[in-house]
Structures are given as structure tokens and as C-alpha cells.
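In what follows, chains are A, B, ... by sequence order, proteins preceding strands, each numbered from 1. All values below come from the heavy atoms of this structure, side chains included, with hydrogens, waters and symmetry mates left out.
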Amino acid sequence: MASLRQPLSSLLTVLLLICTEFVHCNTNKRATDGQDADFSVPLEHSFEMDDVPRFRRRGSLEVRGGRENGVSISQGQLSEEDRNMLKEVASVDGLYRIRVPRVSLQADRQSERQIDGYLTAFVRACALVESHLSDVITLHSDVAGSLIGVSIVTIPGACRGVEVEDEVDLDVFNTTLSIMAPVTAPVPETALFIEKMEQEMERKGKNPQEQKSFFGKYWYLILGGAVFLMATSSAQPPAGGDRQQN
Amino acid sequence: MSALVCRVVAFFCLLRASAAVFEDQVGKFDWRQQFVGNVRFAAFDAHSQASKKLLVATEKNIFASVNSRTGELFWRHVDKTGQDGQIDAMLVHGQDAVLVVGNGRLLRSWETNIGGLNWEVVMDTGSFQTAQLIGLADIVKFVAVLKKSAISLHYLSNGHQKWVENLPDSDTVQYQTVYSSGNGDVFVLGLVPHSHIVVVAYNIEDGEIMKQVSVEAPWITSLDSSCAVVGSAVLLCVDPVSSSLYTLQLNAEGRAEFVHIPLQSLDLEAEAGFHPVVIATQPHPARVPLKEFFLQLGPERFILLQLKDGAIAPLRDFNPANLVAFATTGEKTVAAVMSPKNETACSINLFSADTGRRLLDTTVTYNLDPNGGKLNRLFVLAFLKKDDSVGYRALVQTEDFALTFLQQPGRVVWVREEALADVVTMEMVDLPLTGTQAELEGEFGKKAAIQDGLLAMVLKRLSSQLILLQAWIGHLWKLFYDARKPRSHVKNEVTIETLARDEFNLQKMMVMVTASGKLFGIDSKSGTILWKHYLQNVQPNAAFKLMVQRTTAHFPHPPQCTLLIKDKDTGLGSLHVFNPIFGKKSHIALPTLPRPIQQSLLLPIMDQDYTKVLMLIDDQYKVTAFPSTKNVLQQLQEMASSIFFYLVDSSQGTLSGFRLRKDLSTELMWEVVIPAEVQKITLVKGKRANEHVHSQGRVMGDRSVLYKYLNPNLLAVVTESTDTHPERSFIGVFLIDGVTGRIIHEAVQRKARGPVHLVHSENWVVYEYWNTKSRRNEFSVLEQYEGTELYNSSVFSSLDRPHPPQVLQQSYIFPSPINTLEATLTEKGITSRHLLVGLPSGAILSLPKMFLDPRRPEVVSEQSREENLIPYAPEMPIRTEWFINYNQTVSRVKGIYTAPSGLESTCLVVAYGLDIYQTRVFPSKQFDVLKDDYDYMLISSVLLGLFFATMISKRLAEVKLLNRAWR
């Protein structure tokens, strides 16, 4: 199995450039350090039988501002009422929506941090129930550090109609939260290529064996082939001439 | 050693990918048509009787010579687009044509026989007003160019400037006209609206002002169409307000004054609300203009008048008349008048200009095209016949940019559809089955089988077999008949009646939508225009979207195309539903669209008559379905929860997703906001709906499979930074799921600038941008993979795909800017893909996708070699044998359309821009077609030989066995 993974991982080095920073969620715990670059953003959710969104507070996202963006979540348990509601919504294949306000994550833009409007995303309520409230929330930011999108998926993501015991499984959210900033797309790798070419030239210069031409190395094969071809062609009369006259 | 091997590998890869055309294949399955665009100036080259040249300068900044016998182009000069190349004026004298280009920036003289440039001079800046040929002593020697504040005189022979003079009081006076009658003076006429006219006379030799007068004219507003110089230096103006004519002697001694002649005194009256126009002619620039002139008093009323000794006399009243034109041959000047004959035809007649008498035998009948536009302009080429009577040919320009060339007595010599120089969008539609095939289909349809009994069915079968036999015999007879004729005489004329699908579905109907609102149906095999339809009330800035609602596959229902026309200013849309094979407008009831249309979607849901449902979303997010039958609405209700759509507002930077509700209202599902202050959304592209992907994954060197992330709902969104500084500018590339709004990938290409060209297909996105740091064009490819295991291999759902795909990216240098980008498309998606790149040079490059593969290794390993990956090289080659259009350049290529054919190996390609080029490409060679020179004789003789050999040896073996048994 390791041998299978080897080539893949080596090929996916580009992916490692993704500067995501996974921070595991901590429930019922407030971020304690009081740096002024830190701030919190409300995370709201909505699940309604009539599918008209009515957002309520689910928790808050504690964002560590500055260069290294990090984010953690603090959220409470689902109330009894909410649990029942969620199960009911799931049973009619309703939706579970979340939203966060549009904010800038950059510290120096604190004054203009709040921009009006929200970013919304959704997941099927049944998927959330069946995954026992295990969701993955990703916040996407742009180059300037403003939040541009939010996404929510559950793992597993399918609805199979499995019965869920609400006391045990629909108690607390098991949230994985991450911030995704844009990856820098690669530019043509000229430097490496030139280096490689130079190395090759050098090696060729050093090793006279390599300098031998294609014919120099494989003359015996070519000669053999030629002899073979001549032998076969002389056996047949040339057929091309009369065909052209047609 | 390894370098050598990898070079050999690369060589073989290239060998496989090369797809040049052999010399004997030229024109076999490709064709090109060249256009010039809407004609702005046209002139017949009349300096010799045998000349057959028509010179045109067009709105597309093209100067061309058209063969007036065939309508083909002799030569064509394509200038820059936009203001820089705009042709302001065209003056033809003898073999020279003088053009003023780029708002008076350049003055060029062309040799009209071969289209060579005689000379070119750069002129001083200043906004161009008019240009005029100036003669002296009966010889045309100069060209005068009038700008806002200066007039310059250039030699016609070499373009050198003779003199340039500033115009007096040019900041208050608008100079508009130049006049000279070849007597040594050049008159420049200017005006101050509602105040006075300024007449300045320059000496032709040194540019000295000979005379400068200003004449009171409180009624004057413009000189352009309401004034003209008539007879010997008499300025004639028409004033619509007081409904009268004014004349002014330009070279009068002493105080000059306008002479007032009320129209009523001539028993004339202008039609209410119409601004009268004076049409005069100066047959030779070195002589005085004609005394006779046309006065247009209404849209369909012209009067030929004569100015004699200061008095005006009407010669003839043309009512109704559509168009008039003067034409001169030798010493004779005639007036051609086009007047409506009946509802479908017009007739052109010649009249003697000096008397207004109709010339005998000069009637040409022009049949109006019911699917064409209104008449626009008339150009007449007059010539003297052997018996000294005047003959002529006429060129009629219509509103739909068509040029029709007519000959006496009404034969259409040729038609040029110049609307095709600006194709906006197109589709290719399969041709229908032949009549016999269709009959077979119809007779054995399901309904028929149930209704009829056994006997009836047998009879039907027999009768249809008879029809088939008859068709076959007819075909054989035709073959036999044609075989006796020499090859060049056999013409496969394509008409709408003979249209039928060929064996491999290689011949299709190209439905083209042009910017002027004219639709064309073109046979893809020959390029023949089979039908055309002009939409009368299309705004010039309209946006078009063409959709195929029903294909040809649903006999007996005719195929159906729908064109959504959207006004860009108001956003209001309208639909035009038509049959793409015949161009006939369908009589289906159209939905009313009172609100601006935001988005349109062709759903895979079908009505009972197999019409796909078109969903239109207005600015209040209300949905209109077309067709909206009960069946459709019911299906929509059932499917509502799985119908998602997205809207883009690039001014706000918002992308929002909606879902359909059961009551056909919509609900907001997700929202992504890309702040418009930082970057602006310039491009959103999904995948093509008719695309098939054959393989789910790629086999890697170690025999494991890397599965592709094939999300049909994926959108590629490109943004460009608002900051255009080369160090800080960037483009952003987002991959967003159109159903959930999930951002799958987000990349930023730093130090890059648009315009971005993008292709989104299968699991890859290829885009091209300008690198501002290295100042070059670069290609970048993004590929998405699920990894070595598929999450759910049976079905893809955007709602159930929690793991983000792995995204690989690589960039390459491309040594040319590009105009457009498209990918090939085949029936089943087995054939390897090529990118078709339209280059500004007019070449269309077929670039193997293999070269744009982010898995190309920088260091070659055993496994990458096993996988046939080409080692990474930063520069993308352009090989001339990859040009699919060899020397058939497509000028200003704007778009490329690809369509699959019935053969998996073959993809049909249409490139359009100024020209239209159609061809076929074989990205993986013709693996499913036998070659033209395939040796059928050899293979069949070998087969037959083997067959007989087995027969004989079998017989021999039997005999031997028998003999042995007897022993």
C-alpha cells in the first residue's frame, strides 16, 4: 500500500502549498487569550419545516487575525427542541443552512471588518443527522483576506435512512473547521528546466561514452535490420510500379 | 541515455499527435468563406469598360475588391479593429483609391488592380471632417482633407503635402464641406448653427485665402445632408422648418446673400416630420457639378429638380420611390430610381438626368427577399453599349448587410451575405432522415403497430420495401448516368429538398446567429446557405443565446431551436422559435416575458413531444417554463427539489445559487461574494452538457488508477484584479460547485492580467493569461482527481461528495497571443482531446491536451515513462503541422465551435470571425475509418484464396480419410 501512495504523494506536492490550517473544534470553551487581533464571528444556522430560513445562533467562530489565520469554534449543545426539529426536518428531506457574516480576516482592516451581507451554505438535514452531527465547515478567503464563501459538508455525506438515537448522537457537533486562502498558481518552471538542461550538457561533456551518436551505438541493429529488409524486398518483385499506373 | 530515451518517447508522442493535412486532402472536407462586413463605401472601378471590380470599404475596417461577375473577393486588406483602423472616406479616381483611415490619421492610396499600396502619409492630428478630390484644368491632381481646424492638399501621385492651412475661427465655425470645380479655387464651407455660413476660398497653388465671406443664415443647422453644391458653384440648402430652398452663389463678386425659394412655389411640400435631403452629383472632380439634383421630401418621395439661371424647375416627381442614385458613363449622367412594383418586388429604371425622361429598356426587377431586410442603398454602374445607349448593373444594399448585384433584365448575378462577417453564436443540428427512411420509421412506430392488424402490417412492409428498391434503382441509375459525364460536370447541388443525413452523420446543419439579427442555415459540407431569416426588430446591442430544444431524432416531430434575444440595456428578452433545418418560424405560443431575463437554462426534462424545457429566470427570481404544458409543469414540480441554478452579478461580485420550488418560485441556497473592489468576475464557465467522458480514471505507472473528479455541476470562475499595476495585478481562478456553492479550489495567478481564455471540460480547466512580469502569454492547466479510490462510483451527487478533490496545476509558456480557445468533442469521448487555439495570425492550432497535463514530470522516472507522460518543458511548442487550416487563415477569429460526428474519431470544427472555416479534425487519427488507399483487392483475394484453400484441403483430407478407411 505504501508503494501505491508513494508516487501519488510525490506528485501532489503542489497541493501542499494550500495554506489551510486545521484547528480542531473545542466545544463549550471560549478562546481565552485577549489579543486585539482576535475577534469572533457569529455562526448561525437554520432548519425549518417550511424551508423558510430563520437563522439562529449556533456558536461563534474565534478568528485569530494577522498573517497566520487560524480559526476555532465554540458552540453549545443542541437543545431538546432543536434535536427534535432537526430530526423532523431530516425526515422530510429538508435543509440545514448555515451563514456567517461577510468579514475581513485581516487585522489591519479591523475598522472595515464588517461588511454587510452574509455568506450562506447548506447541507441536507438528513445527512447531518445520519453523520451524527459531524460536519466540516470551510471558510474561504480571498487574496485580501476577506471572507468570500463558506461551505459545509458532512462525513459521510449520504442519506441512507439510518435510524439515529437522538440522546447519544445528536448531542454535540463534531465540527472540523478550516480556513482556506487562495493557492498561488504555479508559473512555468523555467529555472529548474534550464538547470536540468545544463546538468545534462555537463554530464555529456564529461562522459564521452554518452556522446556517441544514435547510429554509433546501434549500428549493428540498424545494419541487421537493413540486411533483413533488403533480403525480404529482393525476394518480392517491386509491386509499386504498376499500381501507380491505374 | 535517459535523456535520449525520453527524447525518443517525446518524438513518438509527437508523431502520434501530428495531424497535418495531405496535399490531396485540401478542400476535401473543409471550406472557407471570406467576408468583409457591412459596406460603408462602395465604388465601381469604371475607368475601363472591361473592368469588373467593385471597391468596398466596410464598417469592419476592411478595404476590398470584389469581382462583380462572381461576387468573389479579388483581394482584401484587413486593418486594425476599432477607431484606429476606421475608414473615414474612400475616393476613387482611375486606378487609384484614396482612403482616409483612423479619424484622419492616415492617408493611403491603393492600386486597385492588385491591391498594392501606392503610398501612405501620416497626417497631423485633428478630427476628420471630409475629403475631396481636387482637379485643375480637367486633370485630377490633388486630394483635399478637411479637418476640424485645418485643410491640407496632397498630391494624388505621391501623397506629398502641397500645402496645409489653418482654418479661420475654427473654434466657433464648424467646417464641413470642401468644394472645387477645377478652376483654381478650393472652397471650404463652414457654419455656425442658427447664425451664419462661412465660405473661404483658397488658392489651389499656394493655399492663400482668396476670399472669405460670411453669409447670414439663421435657419441653418447642418451642411451635411441638407446642403449641396449644384451647377456652377451654387450652394443649395433646404430648410425643413420654413419648408423652403435657399441658394447661394459661392463665387459671386460683392456681397453674397441667400436667395429664398419656398417649396410651395414649386408646388412641393415636405412630409411632416421628415428632414428633406438634397442629393447632388459631381461626375468629375475637375468639372462643375450637375445642374440637376434630387430632393428627398419623404421616406418614399424623391423629386428630380434642375437649377437653371438661378431658377429651380422640377423635372420629374418620383412617388413612390425607395432609392435613387446618379451614375455617369462617359459624358452621360443618368439617374437610377428604384420604386416599389408590388409587395414582393421593386423595379429599377434609368432616367436621363438632364431631362428626366425615362430611358427605354432599362427596367430591372428586383425581388424582395421576404426573409431579408429593408432596402438601404443603391449603387449603379452605368456603361455605354455598342449602340451608344446606356446599360447598367445595380448593387443593392439591404438593412441585413446583404449585397445583391443585379443585371438587366433582373437577373441576380450574385448575393453576398455580409452579416456572416459577425457571427455571434452557432449550433450544429443533425440533418433529418431521408423521406424513405422517415417513412420506414413512421410506419413501424409503436402507435402504428397497435392500430393495424397483421395483414396491414405485412402490406406496409412490402410497400416500404418496394419504395426502398425504387430508391436504390434510382440511385444506381444516377451513378451510371454520372459516370459517363466528365468529373467536373458532376455537381452535388445541395438544396433543402435533398438534405439528408449521411452514413456517419458528418454533414450537419450549421445554424448561425449574426450580430445584425440575421439567422443562417448553412450546410456544413459545402458551405451553401440553405436558408436565412432576418429578425427585423433586433437592437444592435442585443445578446443572443441559441438552444436546441428538440433534436432531429424525434420523428415525426420537427427539430426545434430557440433563440433568446436579450436587450443588453433593459435586459428584456424575447424568444424566436424556429425549425433549424428549414429556418421556418414556429407557430408555437410564446411565453410573455415582461421582466428582464437573468438566466436561462435548458433542462433535460422533456415534454410529451420531446421538447426540452427551457427555464427562464427573471430579475425577481420568478421562473417561466417554455413550453409550459401541464405535463411539463407536473414534471417540474416533481423534480423541483433537484433543479438548481446560479446567478452571477459581476458588478457586486456575487455568485448565488437558487433552487426551484414546487410553485415555480425559487429560494436562495448559497451565496459566495467576491469583493468587487479587489477583483472583478470576468468569466464563468460550466461544462458542455453534451460531453461524454469515457474513462473514469487514469492508469498510472504502478497500475493503480487515479480517478477523475467528474463533477458536472462544476463552474470555473475567473476574476481579474482591479489593480492593474503589473506587480500587483493578478487573476483568480475559482472552481465552485454550482449546486452547493462549495468552493472546490481557489487559486491566484500573481502578476497576471487578462483577457483570460478558458476551456472547462472533463476534469480539467485550461486557461490562458498574460504574465505581466515576464511579458508573455502563458497557459495553465488545472486537473481535479478524487484520488485512488472513488467515493461513490455509481452516481455523482454534488450533495454527497464530502472530500475535496486533489487539484494539480502546471503552467507553460505559449509563444503567441490567442484569440479564442475550444476543446474538441467526440461522440463517446474515447478519442483523446485536443485544444483548438485560434491565433491572431488566423491559424487554428490543434494542440494535444497531452501537452497540457499537470502530471508531466520534471524528473523522468520509470513510472512516468510507463504512463507515457511527456517530460515537463516550460515552453509549449507551436508546430506548423498542427495548424488544421493550413493556409486558409481565418481573419479575426472570434470563436470556434466543435460538434461530435457519428464517427468517434471525428470532430467537426467551425471557426468563425471575419471568415468562416469548417473542417474535421481527428485527434487520435482515423482509427475507425479505412484509409482512402486501403487495398481492398489484396485483402479480398487473400480471403478468397484462403477460403478456397480450406475447401480444397478439406476435400483432400476427406479423400485421404476415406482411403485410409478402405485400407
Side-chain angles (χ1 to χ4, degrees), chain A residues 3-8 11-12 14-15 18 51-53 93 95 97 99 102 115 117-124 127 136 138 140-144 146-159 180-190 192-194 196 200 203-204 210 214, chain B residues 1 3-4 641 661 667-675 678-679 700-702 704 706 721 730 732-733 736 740-743 745-751 771 774 778 780 782 787-788 792 799-804 806-813 854-855 857-859 861 863 872-875:
Chain A
S3 66
L4 284 176
R5 276 193 196 147
Q6 193 60 44
L8 188 67
L11 287 162
L12 301 182
V14 192
L15 270 183
I18 300 173
D51 228 3
V52 177
D93 197 12
L95 299 175
R97 300 158 189 266
R99 77 170 184 190
R102 287 177 61 197
I115 315 161
Y118 288 90
L119 304 165
T120 49
F122 71 96
V123 71
R124 286 166 80 185
V136 179
T138 314
H140 299 269
S141 72
D142 72 348
V143 271
S146 2
L147 225 50
I148 59 163
V150 59
S151 70
I152 177 168
V153 286
T154 59
I155 295 179
C159 287
M180 223 167 107
V183 194
T184 302
V187 290
E189 286 274 359
T190 39
L192 204 87
F193 185 73
I194 291 167
K196 220 178 75 187
E200 216 164 83
R203 214 179 50 217
K204 262 191 189 172
E210 285 283 308
F214 184 77
Chain B
M1 179 66 198
L4 183 92
S641 64
R661 283 214 187 116
E667 57 179 331
L668 182 71
M669 300 300 286
W670 54 269
E671 213 167 4
V672 167
V673 187
I674 302 169
V678 184
Q679 46 193 336
M700 295 199 292
D702 58 1
S704 65
L706 188 60
S721 63
F730 65 88
V733 178
I736 298 177
T740 62
R742 188 179 176 198
I743 300 177
H745 184 70
E746 191 185 347
V748 54
Q749 194 90 46
R750 300 210 180 259
K751 290 171 188 145
N771 186 329
S774 312
E778 289 178 4
S780 198
L782 276 163
T788 46
N792 179 353
L799 295 169
D800 177 20
R801 193 92 0 176
H803 305 291
Q806 301 155 357
V807 180
L808 309 178
Q809 189 168 13
Q810 216 170 46
S811 299
Y812 315 88
I813 303 164
R855 300 182 63 249
E858 270 155 21
V859 183
S861 69
Q863 288 189 339
Y872 180 76
E875 182 156 6

Practice problem: Please look at A/Thr154 and chain B and tell me whether the side chain, the backbone, both or neither of the residue comes under 4.5 angstrom of a heavy atom of that chain. | Solution: backbone

Exercise. Identify which part of B/Arg742 has an atom lying under 4.5 Å from any heavy atom of chain A, answering side chain, backbone, both or neither.
Key: both

Quiz item: For A/Ala158, is it the side chain, the backbone, both, or neither that has a heavy atom closer than 4.5 Å to a heavy atom of chain B?
Solution: both

Practice problem: Name the member of B/Arg750, B/Gln679, B/Gln749, B/Met669 that forms the most heavy-atom pairs with chain A at distances under 4.5 Å. | Solution: B/Met669

Quiz item: Relative to chain A, which of B/Val672, B/Ile813, B/Val748, B/Leu799 shows the most heavy atom pairs under 4.5 Å?
Solution: B/Val748

Self-check item: Side-chain heavy atoms of B/Arg855 within contact of B/Leu706, under 4.5 Å
Solution: yes

Practice problem: Determine the option with the most heavy-atom pairs under 4.5 angstrom with chain A, choosing from B/Val673, B/Ile674, B/Leu668. | Solution: B/Val673

Practice problem: Answer whether the closest heavy-atom distance between the side chains of B/Pro675 and A/Asp142 falls below 4.5 Å. | Solution: yes

Quiz item: Given the options B/Gly732, B/Ser780, B/Ala873, which has more heavy-atom pairs under 4.5 Å with chain A than any of the others?
Solution: B/Ala873

Quiz item: Based on non-hydrogen pairs under 4.5 Å, which of A/Ile148, A/Leu147, A/Val153, A/Thr190 is most in contact with chain B?
Solution: A/Ile148

Quiz item: Is the closest side-chain heavy-atom distance between A/Phe193 and B/Glu875 below 4.5 Å?
Solution: no

Exercise. Look at A/Ala121, A/Cys159, A/Gly149, A/Gly157 and state which one has the largest set of heavy-atom pairs under 4.5 Å with chain B.
Key: A/Gly157

Quiz prompt | Under 3.5 Å donor-acceptor, B/Tyr872 side chain and B/Gln810 backbone | solution = no

Quiz item: So which part of A/Ile194 gets closer than 4.5 Å to some heavy atom of chain B, the side chain, the backbone, both or neither?
Solution: neither

Quiz item: For A/Leu119, is it the side chain, the backbone, both, or neither that has a heavy atom closer than 4.5 Å to a heavy atom of chain B?
Solution: both

Quiz item: Do the non-hydrogen side-chain atoms of B/Val678 and B/Phe730 ever get within less than 4.5 Å of each other?
Solution: yes

Quiz item: Are A/Leu192 and B/Glu858 close enough that some pair of their side-chain heavy atoms sits under 4.5 Å apart?
Solution: yes

Exercise. Could you tell me which portion of A/Pro53 (side chain, backbone, both or neither) has an atom closer than 4.5 angstrom to a non-hydrogen atom of chain B?
Key: neither

Self-check item: Listed partners of A/Arg99 passing salt bridge (Lys or Arg N to Asp or Glu O under 4.0 Å), at least two apart
Solution: A/Glu44

Practice problem: Could you tell me which residues satisfy salt bridge (Lys or Arg N to Asp or Glu O under 4.0 Å) with B/Glu667, sequence neighbours excluded, listed by chain and number? | Solution: A/Arg97, B/Arg659, B/Arg661

